[in-house]
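See below for the structure under consideration.
Below, chain A is the first sequence line, B the second, and so on; all start at residue 1. Note that the coordinates shown come from a computational prediction; the quantities given were computed from them, not determined experimentally.
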Amino acid sequence: MKIVFMGTPEFAKVALEALVQAGHEIPLVITQPDKPKGRKYTLTPSEVKEYALSVGLRVETPVSMRTAEAEELLRSVEADLFMVAAYGKILPKNILDIPPMGCICIHASLLPAWRGAAPIQRAVMNGDAEGGISMMYMDEGIDTGDIILQKKISITDGMNAGEYHDAMAAMGAQAALEYLRMAQEGNVPRVKQPQEGSYAEKITGEDLYVSFEETALQTHNRIRGLAPVPSAYCTLEGKRVKLHESRVGCGKGVPGEVLSAGKNGIEVACKEGSVFITSLQPEGKKRMDASSFLNGLQNKEGFRFNG
RNA sequence: CGCGGGGUAGAGCAGUCUGGUAGCUCGUCGGGCUCAUAACCCGGAGGUCAUGUGGUUCAAAUCCCUUCCCCGCAC
């Protein structure tokens, strides 16, 4: 079976790696073009591209899927199916129709929940107790295709998006292999999705700001849902402070007010309840625990955030 | 050359503007108090102040220059 793999970030890389190690034939890998990244603004390849090249796969990075060139490229490999994981571009119908076995997508949510760009972060930020992987036949909608299989995982309170992501990536890879086994036996289930679902909007700068104007639980979920990257933040004396780890507390006070500061962390009042910040990172500094932060703080007396 | 912050004891910081014996909080080690302690008290160790046998100076953590490294923003 010839598979064209389409994907971009780490999540997709893990799946591609599993396919390669299982010995599947992958004549072509499609990923996003290199993008300028980092302080030096250097052109950086995607995780998928980096890995694919390291194992000698053919990689193409079309700028658009809506060109004759893209269609010709994808037809020319005569693949049986396209497997897509967090590619980052919408596939038009003429592309979807190319492979005889269809376009199969690995999506990081239990559809129809969290369709779209940032299902992993949104699930954690929303405080979901359960999440998982969906394999589906792609259609022209955004993550609305018929479902082949789903795998569930619980999201514990102590888990951040990074940990959840890693577990999900591994599970996504397993799901892909399971699908391929079913496909080889010619026995692939296909269940329609409900129309109604939720949408996981892309994370923007506004999502990162912790105002403490939400409840303690919402604040905690925001912090862990954005950890370890891109990180939630608040401000202290006009400077950004990234918030990496927190715990829910039950103190009361004006949102942003520091209620206590010690070995348990820095307790900050929220609209309802409080959160203990246990790991944070001032602008220009490295990540540190709350004790270290307090050791170096000049005016330990009555500081407050976002003030 | 996209913008900016920083490299001082194991950790986090002050001191740099206005050169003149290296400080703070925490940790660590020893002792004491206590039924006991992560609490408290007393004492000690620990730093060629990132780099350059760099420049200026009677004197450089501090002023000037070199190189390396870390981080925030933006993308």
Side-chain angles (χ1 to χ4, degrees), chain A residues 7-13 30-51 59 61-65 86-90 116-118 120-121 125 158 160-162 165 200-212 219 222-247 249-251 256 258-268 274-307:
Chain A
T8 301
E10 176 71 19
F11 178 83
K13 185 210 114 180
I30 302 290
T31 188
Q32 295 275 11
D34 297 3
K35 285 183 177 165
K37 266 193 170 170
R39 266 162 226 123
K40 302 211 169 114
Y41 212 67
T42 47
L43 229 47
T44 309
S46 71
E47 280 83 350
V48 161
K49 179 175 175 180
E50 198 162 8
Y51 170 73
V59 176
T61 59
V63 174
S64 170
M65 276 290 152
Y87 171 47
K89 284 192 195 305
I90 293 173
I120 291 179
Q121 285 95 331
M125 287 169 74
N160 68 29
H165 166 278
E201 284 181 57
K202 188 176 170 183
I203 303 294
T204 69
E206 287 180 13
D207 291 311
L208 309 186
Y209 182 65
V210 173
S211 66
F212 297 106
T219 302
R222 180 176 296 279
I223 291 169
R224 71 193 182 98
L226 296 167
V229 283
S231 292
Y233 76 93
C234 62
T235 63
L236 179 62
E237 288 169 0
K239 290 186 177 170
R240 270 182 181 236
V241 179
K242 284 189 175 182
L243 305 174
H244 292 296
E245 280 176 29
S246 60
R247 254 179 327 106
C250 54
V258 174
L259 301 175
S260 68
K263 291 195 172 71
N264 292 328
I266 302 162
E267 185 182 14
V268 187
S274 62
V275 289
F276 285 88
I277 305 299
T278 54
S279 177
L280 67 171
Q281 179 176 14
E283 189 175 316
K285 301 293 186 180
K286 287 187 177 177
R287 171 179 184 157
M288 63 186 80
D289 59 32
S291 303
S292 293
F293 176 78
L294 292 168
N295 280 339
L297 205 62
Q298 291 303 294
N299 55 335
K300 289 180 176 41
E301 308 303 320
F303 62 102
R304 59 156 296 141
F305 291 108
N306 297 341

Start with the C-alpha distance between Leu226(A) and Leu208(A), add both sets of side-chain angles, then the distance that settles side-chain contact (heavy atoms from CB on, under 4.5 Å), and finish with yes or no.
-> CA-CA 7 Å; Leu226(A) 296 167; Leu208(A) 309 186; 3.8 Å; yes
Review item, nucleotides 2-4 of chain B N/O atoms under 3.5 Å of protein N/O:
{"unit_1": "G2(B)", "atom_1": "N7", "unit_2": "Arg39(A)", "atom_2": "O", "d": "3.0"}
{"unit_1": "G2(B)", "atom_1": "O6", "unit_2": "Arg39(A)", "atom_2": "O", "d": "3.1"}

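Counting only residues at least two apart or on different chains, no salt bridge (Lys or Arg N to Asp or Glu O under 4.0 Å) pair has a member in residues 226-241 of chain A. Pairs passing the salt bridge (Lys or Arg N to Asp or Glu O under 4.0 Å) check and including a residue from residues 274-290 of chain A, sequence neighbours excluded, read Glu245(A)-Arg287(A).
Taking every heavy atom of residues 226-242 of chain A and every atom of RNA chain B, pairs under 4.0 Å involve Arg240(A), Lys242(A), by number.
By the 4.5 Å heavy-atom criterion applied to side chains, Gln281(A) and Met288(A) are not counted as neighbours.
Shown here are the ring pair (Phe, Tyr, Trp, His ring centres under 6.0 Å) partners of Phe305(A), two or more places apart in sequence or in another chain: Phe303(A). Applying the side-chain contact (heavy atoms from CB on, under 4.5 Å) test to Ser274(A) and every residue at least two apart in sequence or in another chain returns Leu259(A), Glu267(A). Applying the side-chain contact (heavy atoms from CB on, under 4.5 Å) criterion to Ala86(A), with sequence neighbours excluded, gives Pro9(A), Phe11(A). Remark: Arg222(A) engages Glu214(A) in a salt bridge (Lys or Arg N to Asp or Glu O under 4.0 Å) (not counting sequence neighbours). Not counting sequence neighbours, Lys242(A) has no partner by the salt bridge (Lys or Arg N to Asp or Glu O under 4.0 Å) test. Residues forming a side-chain contact (heavy atoms from CB on, under 4.5 Å) with Ser211(A) (at least two apart in sequence, or on another chain): Tyr209(A), Glu213(A).
In this structure, the NZ atom of Lys202(A) is 11 Å from the C1' atom of C75(B), given to the nearest Å.
One C1' atom belongs to G27(B), the other to A38(B), and the distance between them is 13 Å to the nearest Å. U53(B) sits 29 Å from G12(B) when the P atoms are compared, rounded to a whole Å. When the C1' atom is compared between U37(B) and A22(B), the two are found 34 Å apart, to the nearest whole Å. Straight-line distance between the C1' atoms of C40(B) and G4(B): roughly 44 Å, to the nearest whole Å. Separation of the C1' atoms belonging to C17(B) and G54(B) is 24 Å when rounded to the nearest angstrom. On the C1' atoms, A9(B) is 12 Å away from C24(B), given to the nearest whole Å. One C1' atom belongs to U8(B), the other to G23(B), and the distance between them is 10 Å to the nearest Å. Nucleotides G19(B) and C63(B) are separated by 9 Å at their P atoms, to the nearest Å.
Regarding contacts with the backbone of C71(B), every side-chain N or O of Gln281(A) stays at 4.0 angstrom or more from both OP1 and OP2.
Base pairing of G43(B) is made with C29(B), judged by Watson-Crick or G-U wobble geometry with both donor-acceptor distances under 3.5 Å. When both distances must be under 3.5 Å, the Watson-Crick or G-U wobble mate of G72(B) is C3(B).
Under the 3.5 Å distance criterion, the side-chain polar atoms of Thr278(A) are left unmatched by any main-chain donor or acceptor of Phe276(A).
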Side-chain donor-acceptor distances from residues 228-236 of chain A under 3.5 Å, at least two apart:
{"unit_1": "Ser231(A)", "atom_1": "OG", "unit_2": "Pro228(A)", "atom_2": "O", "d": "3.0"}
{"unit_1": "Thr235(A)", "atom_1": "OG1", "unit_2": "Asn306(A)", "atom_2": "OD1", "d": "3.2"}

Just by protein heavy atoms under 4.0 Å, how would nucleotides 7-12 of chain B read 5' to 3' in B, S and -?
-> ----BB
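Mapping Lys263(A) and Leu208(A) onto RNA chain B by nearest heavy atom places Lys263(A) at the nucleotide closer to the 5' end.
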